[in-house]
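Just so we're clear, the structure is a prediction, and the values are computed from it rather than from any experiment. In what follows, chains carry the letters A, B, and so on, assigned in the order in which the sequence lines appear, proteins first and then strands, with residues in each chain numbered from 1.
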Amino acid sequence: MKCLLIASESAEVLFYWTDLEFQQNIQDQYGASQEEGQGLPAFEDSISTLFAPIIISCSTMVDRHSDGYTSFTTENNHIYVLHQFDECLYIAVNGDGEEKEDDLRRKIYVMKKMIEVQFGMVTLSGNLLRRELRPQDTEQRARLWKHLQGLLETYSQLRENDQSFLVEAVERLIHPTLCEQCIEFLERRLVQQLNTSVERAGEEVLHAFILVHTKLLAFYSSRNASTLTTSDLLALIIIAQNMYPSDVDLDDPSPEDVESTSGSGPESFYTPEPSPTERDSSSSASPEPPVRGSTPVFEFVDPDIQMAEDSLHTLEISPPDPSTPRRVFLEVSLREGLYPMMPHSMYCLPLWPGITLVLLTKISTSRVAMSVYTFLEAFDKLEKHLKDGGSPAARGHLTIHDIRSKLDKFIKALGPSDIQFAQLQNVWTEFKNRAFARGGPGFNRDLIPWCKNMKTQLCGIYRQCFFTDSGLANTHRCLSRSLQERAQTMVQEKLMDWKDFLLVKCKRNITMVSYLEDFPGLIHFICVDRSSGQMIAPSLCITERATSELGKGPVAQYIKSKVWSLVSTTRRYLQKGYSTVTLRDGDFFFCYFLWFENETGYKLEAGDIPVLPDDSPPIGMLAWDYYSRKLLRYYSKNRQGEAVKCYELLTVHLGVIPTEIILQHCRQLASKLWEPSRNPLL
Amino acid sequence: MAELMARCSYFFLYDGSKVRGEGDATREGICYFYPEETPLDKQELLCGQLAGVGRCVSELSSSPVRVIRLHHNKFAIRMRDDFLWALGCPVEVSIVRVCELLDQLINLYCFYNGSVRQSYQLSSQEALAARWARYLSHLQSGSSELYHVFSCLRTIDSTNVDPLLLLKAALILQACQRCPLVLAGCILFRGRVVSTQMSPEVTMKVMVHESDTYTKRPNGQNTCSSVGSAVSSTSVFLTLSELQDLQSAPVFSSYSTPHKEAPPKKTRLSRTLSDTPSTESEPSDPCSPQSPQKVSFSPHLSDVFSPVPSHSTPGPSPQSLRSPCPNGKCSHEAEEEESFYHSFHNSDVGSRQKHSSGLDDSSHLNGGDGDAACGTVFADKMVEGDSRVCCGSAVGHGAEMRDAPPPSLSGGFSKVEENPLIPMTLYIHRVKGLVLALLVEPHFLKDTVSMEEVYHSSLASLNGLEAHLRSISPGLQVPPGPYVFAHFDCIQSTLTTNLSGRPGGAPEHPFVRATSLLHSHFCNTETLQEAIIRSAGAAVYGTRSVAQETYFQQHGGSLRNSGIPNHQDSAFSLPSKARHRLLKHGVNLL
C-alpha cells in the first residue's frame, strides 16, 4: 500500500501516485461514506478530500507553532512522511512494511529531483510550478501525471533491484578494452560528426553515453562541457529506463523478451508541453462544468497570479514527434560559477532492447537561462537582505546597480514583442521607480513583494523560453531526425558484434566466483568511490532461472535483503556521525567503512563527521549529494586547497570467519579495488 | 524541574468526547496540559491539531496513530476511546524511549487512580493534574541519562552492600508473604530497590508512591492507627495479567499455604538477622565463596539459565559470575536457605515464562480469542520496547468503563481491551529511609490480626536492616577506569555501569549517544548480536544476549586512524578488552 502526493498549501492536489492497493483502500473508504446510488467520485477528488485535513493542519502548525510535521506512524505500522519544499507539500505513505521512513523521505527527494530535471527554474516559483504540475486541461494533466508516475515507478523498481540505485552511484561495465574503444568512438567519430553537421540546428552535443540497461558502457564529454554530476547522470538513467524499460529479471533476451522491450514505452515520446490550449484556457475563464462527479473543492485559480494569462493563449500543442528531444535541466559549473538547472536537450536513441545511446546537447539559447538565473539569485539575495532589515549591501558579486544595468540590457535584448516580456518590463519599471527614484520609498521592507514579483516574472520568462515552442525557441531547433538516425546507425554498426555479449555481461558484470579463492567466506561486497560517483559490486542474480554463486531463489533473495538493509542501517549510523560499523547479525558478519584519501591515494586521518537530524535529506547522491555537499565540505574545512576523495566499502561475510581475517579481507579489497588501473581484480 | 524541561517538552490528555459540537471549544477537552504555564491558545493549537491530524491519519490507515514527529519535537500518541494522550520530547530522544515513557506514565496513572474516565468523574481536574505532574516528574527525575536510555530500576549499589543484607531483605519479604492476604512486596532504601518480588514494571510503579512519601510527609493516605504512624496504605489497581503473575509465582503458593510452618521459620529469621553483626565485620566477596551447598544448586541454576547461551557454557558456575543481584538471588548462605533459593529461582523462571506467555494468559481470560493477535504482539515486543507494560495496561473497571490506556501496539490487540483493573492495596511500612511496600488484598486493612502479624514480624528485621544499610558508607567512588561500560539486565531491568551520575552521563556524552543508538538497533533487529560503531571521537562495542545488553568503550589509546579497514585498529580489539575488563564487575561476556 503505497502513495505519494504533492499538494499545494491550499490542499490542491498537484500530483499523486498510488499503487492499486492504496487506490482500493481509498475507494473502499470513500465508497463506505457515500450514499447509496451515488457513484464513486473521481479518485483525485477522494484523495484530495481525505488528505485535505492533514495538509491544512500541516500549514497551520507551521504558521502558528513554527514547527511542521515530518512523519506519522500508526499502530499497524503505516508510515506517512511529510516534507515541505517551498509551497509544495509532499506526502509519501507506506502501509505494507516494504519501505521505512528513510526510504519514503528518499522517495520524496527523488520525486523533487525528477521534477527539477523536468521543469528547471520554474520550480522556483510556487505559482508557476503549481500550474505546470496541474494543467487545466484534464487530458494534458493525465498525460503529465502518467509520465511522472512512470518515472517514480521506474525509480522505485531500480531502487529495489539495482545495486547502483541502492547506493546511488553509477555502475560501469567492466571491460576495459571495449570501454576504451567505445569512448574513442564517441569522441572521434560520433560527437565530432554531430557537432560539425549543419543539421544540428545550433545545438551542440556536450555529453554522449551508452547504457546497457542501467550500467554505463562508455561516457564521453566534449572538452568545453562542464562535468555532468552524478546526481544528474543517475536521474538521466532513470529517464532513459523509463523510456526503454528493461526487464532486469530476465537473463537472456529470448525472442519474446525482444518483442516486449522493443519499440518504446508507452510514454516514451512525451515532451513537457504544459501550456493550455485555446480551448481550455478560454473555458477556465468561465466556470467550467464539473468534469467528473462533483466539483473539486480545492480547485481554484489563485487571484494573485500576476502572470499574463493571455500570453499563454497563443500557444498550440504540437503533436508529439518521436524525434523531439526531451528538455532536461541540469547543473552546469562554469568558470563564472555554478548554474543549476540549465536547459539541455536529451536524445535517447535505442540501439537494441536494453542498449541505449544518450546524447545531451546544449541548446542555442542557454545563455538566457544563465542570465535569468543570475537575476533570480540577485533578487533572492536582495529579498533576504531586506527581510533582515539590512540594506542591499555591495556584498555578493553583483551590486544592485550592476543588476539594474544588466537587467535593462537583458530586457532590451529580449524585445518587447511578447506579452510575457511586456509584463516583465512593467514590473521592472515599477520596481525601479520604487527602489531608485529620488524621494521614492527606496530599499526597505516594502520592496519585498516586488522582489517576489520580479522573481515570478523571471521564472515566467524562463518558462516561456524553454517550455514552449514560441518565444526564443519558436523555430524549435533540434538535431534533425536524419542526423539522429545516422548517429543511431553508427553506434549500432560499431557495437553489432558486441551486443549479445554486452547484454550478458551486464547481468554478470563482476561475479563473486573470481573472489572466492582470495577471500574465503566473503559473500558479497560493494565498493563506492564517492568522488567520482561510481560503484563496483558483484552482480546479485536473484531470478528463478539463473543460478548464481549465492544459489537459487530464496537464499539469494535473503542475502539481497540483507545487503539492502545493511545499506540503510549504515546510512543511519553515518547520519549520526559513525563512519565505521561492524555488525554480527545471525549467521553473517557485516562491515562498513568510510574513509578519505588525497589525490595521490594517501589515506587521510578520519575526521569529524557531521551529526544530522533524523529528518535531514537522505544520504546518497541522487536527490541530494550528501557526500560532496555535506561530508566533503565538512571534512575539508581544515584542508584548504587539498582535493579529498571519499570511499565506502561494505562487506558481507560468513559469521564463522574470524574477525581478524574478515578485517584483512576488507583491507585487501579496499586497497585493490581502486588501484590506479581502476580495474578491479577479475 | 530544569531536568524535566530538558526531556519532556509537552504532555497532554485530551478528551475528545467533550468537543463534539461545532460550538465546543477545544479547551473543554483539555484534561491536563504540561507545561502548565503554556498559554491557553497554544494548548488549544497543539491539542486541536494533533488530535485532528491523528484522527484523520487513523481513519486513512484504520489504525490509531502511535507517533507524530515534527521538526523540533516528537510525540508518542495513545488514542483510546475518546481520550488522546500525547507526550512530546525533543528530537534527540529516541522514539522507542518516548513511547515507553508515555506507556509508563499512563500505566502509572491507572495503577494509582484506576480507570481514567472514572477518575475524572470522581475527582477534580486540578487534583488529577497534580498527579499527572507528579508522575511525569517522577519518570524523568534522577539518575543519569544512561538510566533513561534503558528505563531501568534504580537499585542500591550492590557492590557496596554485603550480600547478606540483600538476602535478609528477601527473607523479610518472604516472611510477610506468609500472610495469605499479602501478594508480594519490595523493600526500598532511599528511593532504590533493595529487594523485590514483583516484576520490574510493578516495582517501578510502587516506587513512585514511595518516593513521594519519602520526600514529603504522607498526606491523604490512610495511616493505620492500629500499628502506628510508620505504616500507611493507599489503594492501587492491578491489571489482570499483573495480578496473575503475582499469584502464579511459586513463591507465593509455597509460602502461603503451610501456615503451620510459620512459627519455626519466624524464629529462624530473627536469628539470622541477629547474626548479622558478626558477618558484617567480614565483608564477603559476593562472587568468591564456593560452598558445597551452592554446588548442589548448580544443576538447578543452569536449568534456569539454559535458555541463555552465554550461561550454559562450561566453566565457573553461572551464579558466581553473575553480578550480585539486588534481589538477593545470588547470595549464598547456609543450607536452610535452600528452599528459599528454590522458590526464588522458580519465581524467576516463572516471571521469565510470563514474559513469553503472559499475553496468552490474559487472552485466555478474555475468552481466549486473542491468541493470534498476541502472537504478533510478542513478535513486535523488541521493536516496541516495553510491551510488557503495555500489554498489562488494562482497562476500565467494568464493561461500562473501558477507557483506560490502550493495550496498544498492534491493531488486532484491541480484543483484550475489556481487561479489568482489579483494586488492591499498597501497604507501606516506613522505617526512616527504609520502606517495606506490600501489595495486599483490600480487606487486609480490616483484618487487624493479619496486619499486626505482618507488622510485628517484620518490624525488628526492618529496623535491623535499616541500621545496616544506613551505616554503609556511600562507597568510595570507584576511580573511573580507562573504560566505560554499561550492563543492562533485560529480565530484571537493572543497570550496572561505571559511568558516574550527572555530568559524565549527560546525553551529549559520546558513550551515552552510541549506547542509545545501539540499544535502539538491538531493539529493532532481533538477530543482531554484536556491533562496533566508531565516530571520530569514540569507538563503542555493544553485545547482547536474550537476557542482557552490554556496552563498552575504551578510553585513551590512539584513536587516530584513517577509517580504512585495518585489523590492527584498536576499535576491533574492543570485544576482547570488554570480556577481560568486565569480569571484575561481574559481567560475563564469555
Pick from [options] with the largest number of heavy-atom pairs that fall under 4.5 Å of chain A:
options	answer
B/P575, B/S58, B/A571, B/C56	B/C56
B/L50, B/I77, B/L517, B/N566	B/L517
B/D41, B/V91, B/N73, B/L46	B/L46
B/S62, B/A531, B/G542	B/A531

Which region of [X], side chain (C-beta onward) or backbone (N, CA, C, O), has a non-hydrogen atom less than 4.5 Å from a non-hydrogen atom of chain B, or is it both or neither?
X	answer
A/D67	both
A/L604	backbone
A/F588	neither
A/I54	both
A/L649	side chain
A/V611	side chain
A/Y573	side chain
A/S579	both
A/D608	both

### Message
So for B/L518, is it side chain, backbone, both, or neither that comes closer than 4.5 Å to the heavy atoms of chain A?
### Response
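Looking at B/L518, backbone and side chain both touch chain A.
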### Query
B/I95 versus chain A, heavy atoms under 4.5 Å apart: side chain, backbone, both or neither?
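When you check distances to chain A, no heavy atom of B/I95 falls under 4.5 Å.
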### Query
Would you call A/D96 and A/K2 a salt bridge, using N to O less than 4.0 angstrom?
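The answer is yes: the pair qualifies as a salt bridge.
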#### Entry: Salt-bridge contact A/K645-A/E599 (side-chain N to carboxylate O under 4.0 Å)
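Salt bridge: no.
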### Query
With no hydrogens and no angle check, is any side-chain donor or acceptor of B/R66 less than 3.5 Å from a backbone partner on A/T74?
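Absent.
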### Task
Say whether, by atom type as modelled, one donor and one acceptor occur between the side chain of A/T60 and the main chain of A/I56 under 3.5 angstrom.
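The answer is yes, because a donor-acceptor pair under 3.5 Å joins these two groups.
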Looking at chain B, which one of [options] has the largest number of heavy-atom pairs inside 4.5 Å, strictly under?
options	result
A/K576, A/R64, A/R572, A/E660	A/R64
A/T569, A/N25, A/V93, A/V581	A/V581
A/K603, A/E101, A/H65, A/Q664	A/H65
A/C666, A/G68, A/P53	A/G68

### Message
When you compare the side chains of A/E597 and A/Y602, does any donor N or O come within less than 3.5 Å of an acceptor on the partner?
### Response
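No donor-acceptor contact under 3.5 Å links the two side chains.
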### Task
Starting from the C-alpha separation in whole Å, work towards a yes-or-no answer on side-chain hydrogen bond (donor to acceptor under 3.5 Å, both in side chains) for B/H71 and A/Y69.
CA-CA 6 Å; B/H71 290 287; A/Y69 302 120; over 6 Å; no
### Message
Using ring centroids (six-membered ring only for Trp), state whether A/F519 and A/H665 fall under 6.0 Å.
### Response
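Centroid distance A/H665-A/F519: below 6.0 Å, so yes.
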### Query
Can we call the ring centroids of A/F85 and A/H83 under 6.0 Å apart?
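Yes; A/H83 has its ring centre under 6.0 Å from that of A/F85.
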### Query
Would B/R69 and A/D614 satisfy salt bridge (charged side-chain N to carboxylate O under 4.0 Å, His left out), going step by step from the backbone distance to the final call?
CA-CA 10 Å; B/R69 287 180 206 245; A/D614 289 347; 3.5 Å; yes
### Query
Of the options B/F11, B/Y14, B/F12, which is the one that meets B/F33 in a ring-ring contact (aromatic ring centres under 6.0 Å, His included)?
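In the set B/F11, B/Y14, B/F12, the residue that makes a ring-ring contact (aromatic ring centres under 6.0 Å, His included) with B/F33 is B/F12.
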### Message
Parallel, tilted or perpendicular: which one describes the rings of A/F51 and A/Y80, with boundaries at 30° and 60°?
### Response
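Because their plane-to-plane angle lies in the 30° to 60° range, the rings of A/F51 and A/Y80 count as tilted.
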### Message
Within the supplied structure, the quantity of interest is the number of heavy atoms (other residues, nucleotides, ligands) at a distance under 6.0 Å from A/R571 CZ; does it exceed 12?
### Response
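Atom CZ in A/R571 is crowded, with more than 12 foreign heavy atoms closer than 6.0 Å.
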